[in-house]
2 protein chains.
Amino acid sequence: MSQTFRHPDILKIAQREGKVTVEGLAEHFGVTLQTIRRDLTELAEANKLERVHGGAILPSGTTNIEYDERRNLNQSSKLAMARACAAQIPEGCSVFLNIGTSTEAVARELLHHRDLMVVTNNMNIANILVDNTDCQIIVTGGALRRSDGGLVGNITIDTIRQFKFDIAVIGCSAMDEDGDLLDFDIHEVGVSQTIIAQSRKCFLVADHSKFSRTAPARIASMRALSTVFTDLPLPRELAERCATWGTQVVLVD
Amino acid sequence: MSQTFRHPDILKIAQREGKVTVEGLAEHFGVTLQTIRRDLTELAEANKLERVHGGAILPSGTTNIEYDERRNLNQSSKLAMARACAAQIPEGCSVFLNIGTSTEAVARELLHHRDLMVVTNNMNIANILVDNTDCQIIVTGGALRRSDGGLVGNITIDTIRQFKFDIAVIGCSAMDEDGDLLDFDIHEVGVSQTIIAQSRKCFLVADHSKFSRTAPARIASMRALSTVFTDLPLPRELAERCATWGTQVVLVD
DNA sequence: TCGTTTATGTTCGCTTTTGCTCGAAATCGA
DNA sequence: TCGATTTCGAGCAAAAGCGAACATAAACGA
């Protein structure tokens, strides 16, 4: 199969938009419709896209709608938080990336970091970082959770215990006023706790929607975190607690 | 300015821009197009870049040409073998699926089996079986091998040891005349051996091309297998040995 | 210093890509 | 259901890009 500059770009656009049109791409690249059609035909032959009249869509199957919607939630601030977080991850270190859409955004920002060792219990993150050939990827074992591609359970915990990370990047479902991190899934809590225990530094990436929500399972106190990346100021009481604990808060946007 | 000076620079530009053009680089370095072409050819041969008409792009880890080609090889008999193998896997049992294009084909045939517990060290298989909501998927941990999505290493072996499978489905790189299963990758051998040790029954899926090939690392003897699924009769001597060992041979097509 | 190796420049057919045209197929609206 | 419109893919010619071969210049080693 032949290769063009356009192919990777087309795929990226398709991933972002969910679909591409022949006309739109032709204008975007400044080439004729015919050329784009040829591109799409080739990409479809390679099973990278699925051809439809007037354009192409992502190949069906693996996508989880509910999850995809969540992924698109709050996209701009998620990107900004991810960028800020990635900026504090030096090259050449060992990183754990936990389940979650926010941590996936961080993974995307790590695509050009060099010499990382990334351990993850998130299949999506492994798939994202495959493109960064300058980083070693280790996948923890575990039971595959279809809803979000996460790996959870005892196997996951046992594997994580075999490592010591320079930095762990985690998300959470909710944050309590008293500084506790909460999660919906009890299975994930054990994993998150183990991650925190095995890491020198721990970064939390969580947007403001987590402030006003609650969840049943307690992961840990924010005292255990080095830095929190978020998009709106923390409630005053919580901000004061973080200051006392030495937990940095990085505000983006 | 010599070649050795340009190469790292070219890579740096490629990392930053995502792509490089022959013309742009020629101007940037003040050399002729031909010189840049030579540079890019060398970088592409070293898998640092991917050559395209007019320049080069970052290698996309997901597109492993060699692997994609291998996947398309012998497709019809691969499908037939996979179908025969899946037919002998009862519903409601625990199955291990190893790395390999043949085992992936088996996974596709298992999409409508119910109540399976599938353990795999192959990311592709996990992605395939996500669509079968009636089966539990467990992914072993391990280092991700970009070339084929396989998970290998000690973590993988440790995880596998925690299970006992009703059936294991494995592939191999080659089969020796004396009935030994061989593999190219020494890291994969330990994994395969552990799989065999932890399984009540072991199925091998391997087309005839494996008969006339050789590989350096020994996995096990075919004596350890319950059944072999293949597309052409085994060499006579090997067939006799299998009969002695009680290893069934299932011929498809 | 001289011969050898390596990097670069130049030229020239050859291949790939692109744009264009046209008949066929798919989609849409009534 | 049928016709109008859009989209598609094949074939062809022009243009851009390519690699091979050879010449030249610089770097290297004895």
Side-chain angles (χ1 to χ4, degrees), chain A residues 1-61 63 65 131 133, chain B residues 1-73 75-76:
Chain A
M1 165 176 130
S2 56
Q3 268 287 21
T4 322
F5 284 126
R6 291 184 301 272
H7 284 191
D9 262 356
I10 291 175
L11 287 176
K12 217 162 61 187
I13 294 170
Q15 301 242 333
R16 199 176 58 225
E17 314 275 334
K19 64 171 185 188
V20 289
T21 63
V22 174
E23 202 156 355
L25 289 174
E27 192 174 348
H28 180 263
F29 290 111
V31 294
T32 59
L33 303 173
Q34 195 52 245
T35 304
I36 295 297
R37 287 201 191 103
R38 272 189 277 247
D39 287 341
L40 295 184
T41 306
E42 284 173 21
L43 288 168
E45 271 168 11
N47 289 320
K48 305 282 179 187
L49 287 179
E50 204 164 307
R51 197 75 167 79
V52 297
H53 223 74
I57 54 175
L58 289 175
S60 62
T63 46
I65 298 169
D131 286 334
T133 49
Chain B
M1 174 84 75
S2 84
Q3 195 176 49
T4 39
F5 283 113
R6 282 191 309 270
H7 282 197
D9 254 4
I10 291 176
L11 287 176
K12 215 162 62 187
I13 294 171
Q15 296 261 338
R16 197 177 57 228
E17 313 277 334
K19 66 178 182 186
V20 288
T21 64
V22 174
E23 206 157 352
L25 289 174
E27 192 174 347
H28 180 263
F29 291 111
V31 294
T32 58
L33 303 174
Q34 188 55 48
T35 303
I36 295 298
R37 286 199 192 104
R38 274 189 276 246
D39 287 342
L40 294 184
T41 306
E42 284 171 28
L43 288 167
E45 271 168 10
N47 285 322
K48 304 280 186 182
L49 287 179
E50 203 165 311
R51 197 76 165 78
V52 300
H53 224 76
I57 54 178
L58 290 176
S60 67
T62 41
T63 330
N64 186 300
I65 298 165
E66 197 185 327
Y67 182 72
D68 279 357
E69 276 174 5
R70 200 146 56 83
R71 177 179 300 185
N72 293 329
L73 214 69
Q75 212 163 6
S76 70

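Worth knowing before you read on, the calculation uses all heavy atoms, side chains too, and leaves out hydrogens, waters and symmetry mates. None of the values given here were measured: they were computed from a predicted structure.
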Legend entry - Test side chain to side chain contact (heavy atoms under 4.5 Å, CB included) applied to B:Asn47 and A:Thr133, step by step: CA-CA 10 Å; B:Asn47 285 322; A:Thr133 49; over 6 Å; no
Legend entry - Nearest-Å distance for atom pair CD/P, residues B:Gln34 and C:dC12: 14 Å
Inset, instruction - Nearest whole angstrom, please: distance from the P of C:dT17 to the CZ of A:Phe29. - result: 16 Å
Legend entry - Global bending angle along the helix from C:dT1-D:dA30 to C:dA30-D:dT1, which compares the axes of five pairs at either end, to 10 degrees: 50°
Legend entry - N or O in side chain of A:Thr41 less than 4.0 angstrom from D:dG9 OP1/OP2: yes
Legend entry - Phosphate OP1/OP2 of C:dG9: any B:Thr35 side-chain N/O under 4.0 Å: yes
Inset, instruction - For B:Lys19 and A:Phe5, work out which heavy atoms get closest and say how close. - result: CD-CD2, 3.9 Å
Inset, instruction - Report the distance from atom CZ of B:Phe29 to atom OG1 of B:Thr35, rounding to the nearest 0.5 Å. - result: 11.5 Å
Inset, instruction - May I ask you to evaluate whether B:Arg37 reaches the phosphate of D:dC18, defined as a side-chain N or O under 4.0 Å from OP1 or OP2? - result: yes
Inset, instruction - For A:Leu33 and C:dC22, give me the distance from atom CG to atom P, rounded to whole Å. - result: 16 Å
Legend entry - Residue met sooner reading DNA chain C from 5', once A:His53 and A:Arg6 are mapped to nucleotides: A:Arg6
Inset, instruction - May I ask you to verify whether the side chain of B:Arg51 and the base of D:dG17 hold a donor-acceptor pair under 3.5 Å? - result: no
Inset, instruction - Rounded to the nearest angstrom, tell me the gap between atom CG in A:Asp39 and atom P in C:dT18. - result: 7 Å
Legend entry - Gap between atom CG of B:Leu11 and atom CG of B:Leu58 - 0.5 Å precision: 8.5 Å
Legend entry - A:Leu33 side, atom CG; A:Glu27 side, atom CD - distance, nearest 0.5 Å: 10.0 Å
Legend entry - Nucleotide D:dG9, atom C1' - distance to CD1 of A:Ile36 in whole Å: 15 Å
Legend entry - Trace of the side chain to side chain contact (heavy atoms under 4.5 Å, CB included) decision for A:Arg6 with A:Ile13: CA-CA 10 Å; A:Arg6 291 184 301 272; A:Ile13 294 170; over 6 Å; no
Legend entry - Euclidean distance, atom CG of residue B:Leu25 to atom P of C:dG9 [Å, nearest integer]: 14 Å
Inset, instruction - Side chain of A:Arg38 only, please: which of D:dG11, C:dT10, D:dG19 is the nearest? - result: D:dG11
Inset, instruction - Indicate the atoms forming the closest heavy-atom contact of B:Ile10 with B:Leu43, along with that distance. - result: CG2-CD1, 3.7 Å
Legend entry - Spacing of A:Phe5 atom CZ relative to C:dT17 atom P, expressed in whole Å: 12 Å
